[in-house]
Amino acid sequence: MLLSSLYTCLVIALVMVTYLLPPTIFQDRRFTPRVLKALAIVITTLIIAITIRFIIQRSLAVRDDEHMFNLLKAKHGSFRDFHTSIYLRLDVYLTLEAEVLRELARTGTLLAGLFYLLIAAIYFVGSLWSPSFPKIRIVDLFHLGFGIQLTMLAMDFSRLRGLWTPYLCLLSSMVVSPHWAFYPKQGGKVIRYILGFLILLWLLNGSNYFEVISNQVNNENGNPDQRPGVRIAMSWIRNNTPPDSVFAGDMISTSWVRLMTDRRIVLHPHYEDAQLRSKVYNVSHWAAFRRPSDVHSMLRSYGITHVIDSTNFCSTSRKGKTYADMVEEGENGLPPPQLKVTKIRCCERVRNGNSKYFQLIYTDHRQFWIYKLL
């Protein structure tokens, strides 16, 4: 995935363009030609990067990162499939909430960070406009480009606020850099110290916000130690199933199984792998309108011995789409496998005892149902 990533391809394209550019390309002092040349370089770099990525993907048959492009198409278009719906049913992949922006503004980091980006943008445009304007440093040009990109991504995907928030703190500190020409030569050092102290006070005023963000990021899936039902079920698995058991289920439940029981699982929340994504999709047929016999065969093909069912996996009341709805959307724009569709979901039929392929071996009648494949 790293080899075919857009970042790697952009780095290669940028090195190629930089090497091929004549050193006198920006000697023309007129503003319009300089801007047009800069735009031409950007467009050429993007075209080369996309071409390189296309060649690498085709030659190596790499599909690991296509779900991220599908996710963008799903958020801003009509594309839908199982994997994009898995993301978009979670609030952290929706647009950044206005409340978060208000809290960041209260800490001062949002305003100070955007102020730095504004200064860097003025220096960048000014250096293109007039050769006598103070030149923008390479490090400031990098932060300008990266800051704009990360801000746009954080606005589009709320989860990226975990990266955006500390980066805003970094940009806030750059405001008091001694390299800015607008600070007077006499007394400039004192002004920078005072400004930095005021930004720090503003930041400490909203320090509680960062604690809230940290708790949200660390507990997105919930802390299993705070759920007695989870501890009881995991303890039962550890004491009553063979050590070589292989479990399937939704990604949250199976992550608990792996963490607390040392049993193997077939799913892993590392979604940047095309084969793992396909496995997640196939295993999720447990919660779809399919025959238990077909689902049993599909699970057996992965060496699965047990299924841990949960209210999250086999749910009809969860806000948004259920797993059954998402399975019907197929994956990567393709229709679902040609299996017979039933009126009752597989998990419901098995839970009601109408199956000779799965044996119920544990349930708390509230959160977990554990089955053994026969």
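Heads up: numbering here begins at 1 and tracks the sequence. Remember, predicted model here, so these are calculated numbers, not experimental data.
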F79 versus T84: any side-chain heavy-atom pair under 4.5 Å?
-> yes
Taking atom types as modelled and ignoring hydrogens, do the side chains of Y116 and D140 form a donor-acceptor contact shorter than 3.5 angstrom?
-> yes
Hey, are E328 and R290 close enough for a salt bridge, meaning a charged N less than 4.0 Å from a carboxylate O?
-> yes
In F247, W369, F358, Y362, the residue satisfying ring-ring contact (aromatic ring centres under 6.0 Å, His included) with H306 is F247
Electrostatic pair E348:R351 at N-O distance under 4.0 angstrom = no
Output yes when a side-chain donor or acceptor of H83 lies under 3.5 Å from a complementary backbone atom of G330, and no otherwise.
-> no
Output yes when a side-chain donor or acceptor of D325 lies under 3.5 Å from a complementary backbone atom of K321, and no otherwise.
-> no
Will you find, in the side chains of S310 and Q367, an N or O donor that is under 3.5 Å from an N or O acceptor?
-> no
Just by modelled atom types, is the V246 backbone N or O under 3.5 Å from a matching donor or acceptor in the T305 side chain?
-> yes
Is atom OH of Y302 surrounded by more than 12 heavy atoms (other residues, nucleotides or ligands) closer than 6.0 Å?
-> yes
Quick one: ring pair (Phe, Tyr, Trp, His ring centres under 6.0 Å) pairs with a partner in residues 329-349, sequence neighbours left out?
-> none
Residues in salt bridge (charged side-chain N to carboxylate O under 4.0 Å, His left out) with D262, at least two apart?
-> R258
Cationic tip of K75 above F157 ring, under 6.0 Å, 45° of axis | yes
Heavy-atom nearest pair, W236 first then I361, reads CZ2-O, 3.3 Å
List the steps, then state whether side-chain contact (heavy atoms from CB on, under 4.5 Å) holds for L110 with L168.
-> CA-CA 6 Å; L110 178 62; L168 283 176; 4.2 Å; yes
For the residue pair L94 and S158, establish whether any side-chain heavy-atom pair is separated by less than 4.5 Å.
-> no
Taking atom types as modelled and ignoring hydrogens, do the side chains of D294 and H285 form a donor-acceptor contact shorter than 3.5 angstrom?
-> no
Short side-chain donor-acceptor distance under 3.5 Å, R300 and S297 = no
